[in-house]
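Encoded as structure tokens, the structure appears first; notes follow it.
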There are 2 protein chains.
Amino acid sequence: MLNQQERSRTWLQELKHNGYRLTSPRKAVVEVMANSDTVLSPAEVYDIGRGRYAKLGLVTVYRTLEKLEAMGLVQRVHRPDGCEAFIAGVEGHQHLLICENCGRVEYFGGDKLDGLIDKVQGDSGYEIRDHWLQFFGLCRACQRNN
Amino acid sequence: MLNQQERSRTWLQELKHNGYRLTSPRKAVVEVMANSDTVLSPAEVYDIGRGRYAKLGLVTVYRTLEKLEAMGLVQRVHRPDGCEAFIAGVEGHQHLLICENCGRVEYFGGDKLDGLIDKVQGDSGYEIRDHWLQFFGLCRACQRNN
DNA sequence: TCAATTATGAAAACGTTTTTCAGTAAAGAA
DNA sequence: TTCTTTACTGAAAAACGTTTTCATAATTGA
Ligand SMILES: [Mn+2]
Ligand SMILES: [Mn+2]
Ligand SMILES: [Zn+2]
Ligand SMILES: [Zn+2]
């Protein structure tokens with residue numbers, strides 16, 4: 001796993017690679033997302049990002065998140081109360097473990113769903129093409145403070 | 001599993017039980033939701049519901065869905081493109097299999113996640129309290145038509 | 001340095017959901 | 001059945017998050 005500063009640099013290179021210009025507002029959004037291990041809404045990215053670039057506009061936050069999502073660098077996180085939060089993504093197929101209290105996210109793999117998928121496919125007649133698996137709970141810090 | 005007419009009747013009784021009045025707009029919303037096996041947005045419930053009760057208002061659709069959700073009779077369905085769709089719920093812990101094309105939903109159980117949950121819990125230090133498992137694909141009808 | 005072009009943020013527009021409110025209707029009592 | 005209470009309704013307005021528009025500013029490569 002890259003550390004956070006490396007991640008920022010990589011993302012900026014990646015943006016450049018895709019023909020996008022490297023601007024101050026974009027750098028601010030990239031740094032916020034690349035340095036966060038909790039899910040953030042566009043409004044939260046905006047609030048934090050203005051600490052790095054005071055003139056940042058909310059519109060640019062939306063536009064930059066959209067690009068980062070399209071490039072697979074951030075992903076949208078779905079939670080019971082809504083689906084408007086973003087987190088730095090990881091390569092390949094992974095699953096999320098999300099703290100219900102603070103939004104801190106970890107990734108895990110190792111699901112063994114093939115057998116279940118085959119069974120459900122057979123029972124239902126559906127052709128299963130994708131799956132979501134997410135765990136919710138309390139991170140270590142939030143276990144202590146709640 | 002109850003059939004759909006029975007489900008409507010049960011839901012209306014349940015509403016009455018909880019101290020709510022049985023009104024024509026509520027009956028319309030209940031019938032729409034109880035008779036549908038596909039996810040429906042509030043606007044879709046409204047459109048279909050007006051076929052049963054022409055004066056139905058969209059506001060009442062929202063208000064009734066809210067009550068049905070609180071009573072556990074319908075549940076919100078999360079999909080990659082949004083989380084504003086509702087489906088009739090089932091008792092107990094179940095998982096959804098959703099047609100990406102038409103929104104038809106089936107339920108399945110039988111996940112064996114305990115081992116994985118223990119492992120992820122140990123690795124991460126999180127206390128895992130809940131999980132989501134959803135499958136996406138194409139229902140039988142949509143396999144033929146796509 | 002310059003010109004071409006992309007990117008920006010303020011403001012307006014948008015679609016969805018929630019609130020407000022005056023009128024309506026359900027339900028229980030008489 | 002009629003009456004009375006009170007919950008419920010839908011239209012309109014407000015609020016909300018997101019997207020579009022557009023004139024200006026900044027990045028980039030020449
Ligand atoms: Mn998986
Ligand atoms: Mn389960
Ligand atoms: Zn936490
Ligand atoms: Zn289908």
Side-chain angles (χ1 to χ4, degrees), chain A residues 9 11-33 39-71 73-74 76-86, chain B residues 9 11-33 39-71 74-86:
Chain A
R9 250 182 284 121
W11 288 14
L12 292 174
Q13 283 169 19
E14 197 73 21
L15 278 167
K16 183 143 212 177
H17 244 195
N18 284 57
Y20 298 119
R21 293 180 177 175
L22 266 43
T23 67
S24 300
R26 272 178 192 163
K27 285 174 189 166
V29 172
V30 163
E31 280 170 19
V32 171
M33 291 306 299
V39 300
L40 297 173
S41 65
E44 287 168 332
V45 176
Y46 175 59
D47 287 339
I48 303 169
R50 276 189 299 179
R52 294 177 174 275
Y53 179 69
K55 286 182 285 176
L56 179 64
L58 179 57
V59 185
T60 299
V61 172
Y62 277 98
R63 289 193 278 225
T64 305
L65 286 174
E66 185 180 38
K67 286 179 175 57
L68 294 175
E69 188 181 18
M71 293 164 60
L73 300 175
V74 305
R76 190 177 289 268
V77 174
H78 296 252
R79 292 186 293 174
D81 51 317
C83 320
E84 316 76 24
F86 292 84
Chain B
R9 251 183 283 121
W11 289 14
L12 292 172
Q13 283 168 18
E14 197 73 21
L15 277 167
K16 184 143 213 178
H17 224 229
N18 284 57
Y20 297 120
R21 292 181 180 175
L22 266 43
T23 67
S24 301
R26 272 179 192 161
K27 285 175 188 163
V29 172
V30 162
E31 280 170 19
V32 171
M33 290 306 301
V39 300
L40 297 174
S41 66
E44 288 168 332
V45 175
Y46 175 58
D47 287 339
I48 303 170
R50 275 189 299 181
R52 295 179 172 274
Y53 179 68
K55 286 182 284 177
L56 180 63
L58 179 58
V59 185
T60 299
V61 172
Y62 278 96
R63 290 193 277 226
T64 306
L65 287 174
E66 186 180 38
K67 286 180 175 57
L68 295 175
E69 188 181 17
M71 292 164 60
V74 305
Q75 63 182 249
R76 189 177 290 269
V77 174
H78 296 253
R79 292 186 294 175
D81 52 314
C83 318
E84 315 74 27
F86 293 83

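Interface remark: the A/R21 side chain does not form any donor-acceptor pair with the D/dT28 base, using a distance-only criterion of under 3.5 Å.
The stretch residues 76-86 of chain B touches DNA chain C through B/E84, each having a heavy atom under 4.0 angstrom from the strand.
Rounded to whole Å, the distance from CD on B/E66 to P on D/dT9 is 12 Å. Whole-Å rounding puts the A/K27 NZ to D/dA26 P distance at 13 Å. For the pair B/K16 NZ and C/dA26 P, the computed distance is 11 Å after rounding to whole Å. Spacing between atom CG of A/L12 and atom P of D/dT28 amounts to 11 Å, rounded to whole angstrom units. The CD-P distance, from B/Q13 to C/dA27, rounds to 14 Å in whole Å. For the pair B/H17 NE2 and C/dA27 C1', the computed distance is 16 Å after rounding to whole Å.
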Practice problem: Show your reasoning for whether side-chain contact (heavy atoms from CB on, under 4.5 Å) applies to A/E69 and A/F86. | Solution: CA-CA 9 Å; A/E69 188 181 18; A/F86 292 84; 3.9 Å; yes

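In terms of heavy atoms, A/L56 sits closest to A/P25 at CD1-CB, 3.7 Å. Nearest heavy-atom pair, B/H78 versus A/C83, reported as atom, atom and distance to 0.1 Å: ND1-SG, 3.6 Å. Between A/A85 and A/V39, the shortest heavy-atom contact is CB-CB, 3.8 Å. Nearest heavy atoms, A/E44 versus A/L40: OE1-CA, 3.2 Å. B/L58 and B/P42 make their closest contact through CD1-O, 4.0 Å (heavy atoms, listed as atom of the first residue, atom of the second, distance).
Atom-to-atom distance recorded for B/K16:NZ and B/R21:CZ is 10.5 Å, nearest 0.5 angstrom. Distance CH2/B/W11 to OG1/B/T64: 11.5 Å, rounded to 0.5 Å.
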Sub-3.5 Å pairs of nitrogen or oxygen atoms, protein against nucleotides 8-12 of chain C:
| from | atom 1 | to | atom 2 | distance (Å) |
| --- | --- | --- | --- | --- |
| C/dT8 | OP1 | A/T23 | OG1 | 2.5 |
| C/dG9 | OP1 | A/K55 | O | 2.9 |
| C/dG9 | OP1 | A/G57 | N | 3.2 |
| C/dG9 | OP2 | A/G57 | N | 3.2 |
| C/dG9 | OP2 | A/T60 | OG1 | 2.2 |
| C/dG9 | N7 | A/R63 | NH2 | 2.5 |
| C/dG9 | O6 | A/R63 | NH1 | 3.4 |
| C/dG9 | O6 | A/R63 | NH2 | 3.3 |

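Of the residues near DNA chain C, B/L22 and A/Y20, the one whose nearest nucleotide (by heavy atom distance) lies more toward the 5' end is A/Y20.
In this structure, the side chains of A/R52 and A/K27 stay at 4.5 Å or more apart for every pair of heavy atoms.
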